[in-house]
Number of protein chains: 2
Amino acid sequence: MSVAVVGAFAVLGEPSRLRILDHLRGAECSVGELVDRLGMSQPAVSKHLRVLRDAGFVSSRVAAQQRIYRIEPEPFAELEHWLAQYRRLWDRHLDALERHLDDQE
Amino acid sequence: MSVAVVGAFAVLGEPSRLRILDHLRGAECSVGELVDRLGMSQPAVSKHLRVLRDAGFVSSRVAAQQRIYRIEPEPFAELEHWLAQYRRLWDRHLDALERHLDDQE
DNA sequence: CAGGCATATAACCGGGAAGGCATGTTGTGA
DNA sequence: TCACAACATGCCTTCCCGGTTATATGCCTG
């Protein structure tokens, strides 16, 4: 499972890409809108969108001459699932601490 | 907030580093043990551990000649918090779908 | 069908990061 | 104090990745 998650993290480990997602979180966006808001060249934005789409984070739809991009939630769910492994670790730690404090009383 | 999270993602977007965390999730480990299990040179492992520690994912403790590394849960909590933003989006989507289905009946 | 948008792709360049080797540092035991 | 063991660090090379410029593709309008 980690095998897939590594790629997802690599995709998110890029400031421009995370900014794109943050914008898309508010509403769907055309490429041009993203170019304006990010102050980046259009090819750069298109490349990042390609990476994000290959990783499943976004999907695109055609509207006349423009492509509208939208967030796709599944990869985020996978990440949350992966993180849960470590959350359990954290929970166990708290439980142990709690039991320890109970014993103290 | 995203500013900090990007760095965390960049750190996790590295197969060797994720493998190290997976090993540390089971139990604390010395550098030598990690070297054996990962089949990587010792300097490479040490460097990755440095990156992980700078990012707060692990901490180290001295035991005789060796340093024992352990997972530190806080950064994972931050990631979960960041992901929650997108989970809300997902939940809203489900809610809308549910309302829509209710209306259909 | 010609011309102009909106976007994708190609070719290229520069910086940065991961890995290996050699070496420095610190603690330990005789 | 000497030698060794466990790590850390510096240096070097290689490779990948993000950005820009230039060009191709596809779709609307006149």
Side-chain angles (χ1 to χ4, degrees), chain A residues 2-24 27-72 75, chain B residues 2-24 27-72 75:
Chain A
S2 292
V3 40
V5 163
V6 182
F9 283 139
V11 169
L12 298 182
E14 228 289 335
S16 308
R17 240 128 51 192
L18 224 57
R19 290 176 59 199
I20 291 182
L21 286 182
D22 276 338
H23 277 287
L24 258 44
E28 302 185 326
C29 253
S30 73
V31 179
E33 294 177 282
L34 290 173
V35 170
D36 293 343
R37 304 188 187 178
L38 301 184
M40 218 177 353
S41 76
Q42 174 264 317
V45 173
S46 278
K47 281 201 207 173
H48 283 306
L49 287 171
R50 175 95 148 107
V51 175
L52 287 169
R53 199 180 37 165
D54 286 348
F57 284 101
V58 303
S59 63
S60 67
R61 149 174 70 92
V62 179
Q65 320 89 327
Q66 36 189 10
R67 322 265 172 109
I68 310 297
Y69 281 82
R70 156 183 40 186
I71 284 198
E72 214 62 40
Chain B
S2 294
V3 38
V5 163
V6 182
F9 282 139
V11 169
L12 298 182
E14 228 288 337
S16 309
R17 238 124 59 189
L18 223 57
R19 289 177 60 197
I20 292 182
L21 286 182
D22 276 338
H23 278 286
L24 258 44
E28 302 184 327
C29 254
S30 73
V31 180
E33 294 178 282
L34 290 174
V35 171
D36 293 343
R37 303 187 188 179
L38 301 185
M40 218 177 354
S41 77
Q42 174 265 316
V45 173
S46 279
K47 285 188 196 176
H48 283 304
L49 286 171
R50 175 95 149 108
V51 174
L52 286 169
R53 198 179 37 165
D54 287 348
F57 284 101
V58 302
S59 62
S60 67
R61 149 175 69 93
V62 179
Q65 320 92 321
Q66 35 189 9
R67 323 265 171 108
I68 311 296
Y69 281 81
R70 158 182 38 186
I71 283 198
E72 213 63 38

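Treat the numbers as computed from the prediction; the structure is a model and nothing was measured.
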When you measure from the side-chain N and O atoms of B:Y69 to the phosphate of D:dA8, is any distance below 4.0 Å, counting only OP1 and OP2?
yes
Within this structure, what is the CZ-to-P distance between B:R19 and C:dA18, rounded to whole angstrom?
15 Å
A:E33 CD to C:dA6 P, in whole Å, measures 11 Å
Reading DNA chain D from 5' onward, which residue's closest nucleotide shows up sooner: A:A64 or B:V31?
B:V31
Within the modelled atom types, does a donor on one side and an acceptor on the other bring the side chain of A:Q42 and the base of C:dA8 under 3.5 Å apart?
yes
Side chains of B:R17 and B:V51: does their closest heavy-atom pair fall under 4.5 Å?
yes
Can you measure B:L38 atom CG to C:dG20 atom P for me and round it to whole angstrom units?
11 Å
Among D:dT21, C:dC21, C:dG19, the one nearest A:S41 by side-chain distance:
D:dT21
Inter-residue atom distance A:Q66.CD - A:C29.SG, 0.5 Å rounding
10.5 Å
To the nearest angstrom, how far is A:E14 atom CD from C:dG15 atom P?
17 Å
The side chain of A:Q65 is closest to which nucleotide in this list: C:dG20, D:dG18, D:dC28?
D:dC28
side-chain N/O B:S16 vs C:dG19 OP1/OP2, d < 4.0 Å:
yes
Find the distance B:I20:CD1 to C:dG19:C1' and express it as a whole number of Å.
13 Å
Return no unless some side-chain N or O of A:H48 is found under 4.0 Å from OP1 or OP2 of D:dC17.
no
When only distance counts, do a donor and an acceptor, one from the side chain of A:K47 and one from the base of D:dG18, lie under 3.5 Å apart?
no
Quick check on D:dT9: is either OP1 or OP2 less than 4.0 Å from any side-chain nitrogen or oxygen of B:R50?
yes
Show your reasoning for whether salt bridge (charged side-chain N to carboxylate O under 4.0 Å, His left out) applies to A:R53 and A:E72.
CA-CA 9 Å; A:R53 199 180 37 165; A:E72 214 62 40; over 6 Å; no
Test your reading of the model: is there a side-chain donor-acceptor pair from B:E14 to the backbone of B:V11, 3.5 Å cut-off?
no
Would you indicate, yes or no, if D:dC7 has its OP1 or OP2 atom less than 4.0 angstrom from a side-chain nitrogen or oxygen of B:S46?
no
Rounded to the Å, how far apart are B:R61 CZ and C:dG27 P?
16 Å
Under 4.0 Å, counting only non-hydrogen atoms across every strand here, what does B:R17 touch: a base, just sugar-phosphate, or nothing?
sugar-phosphate
Value in whole Å for how far the C1' atom of D:dT21 lies from CE of A:M40
16 Å
Find the distance B:L12:CG to C:dA17:C1' and express it as a whole number of Å.
16 Å
Heavy-atom distance under 4.5 Å between the side chains of A:L12 and B:L12, does that happen here?
no
On DNA chain D, check which nucleotide each of A:R67 and B:P43 is closest to and give me the residue with the more 5' one.
B:P43
Are B:R70 and B:S60 side-chain neighbours, meaning at least one heavy-atom pair lies under 4.5 Å?
no
Categorize A:Q66 for me: base, sugar-phosphate, or nothing, with a 4.0 angstrom heavy-atom threshold over every strand shown.
sugar-phosphate
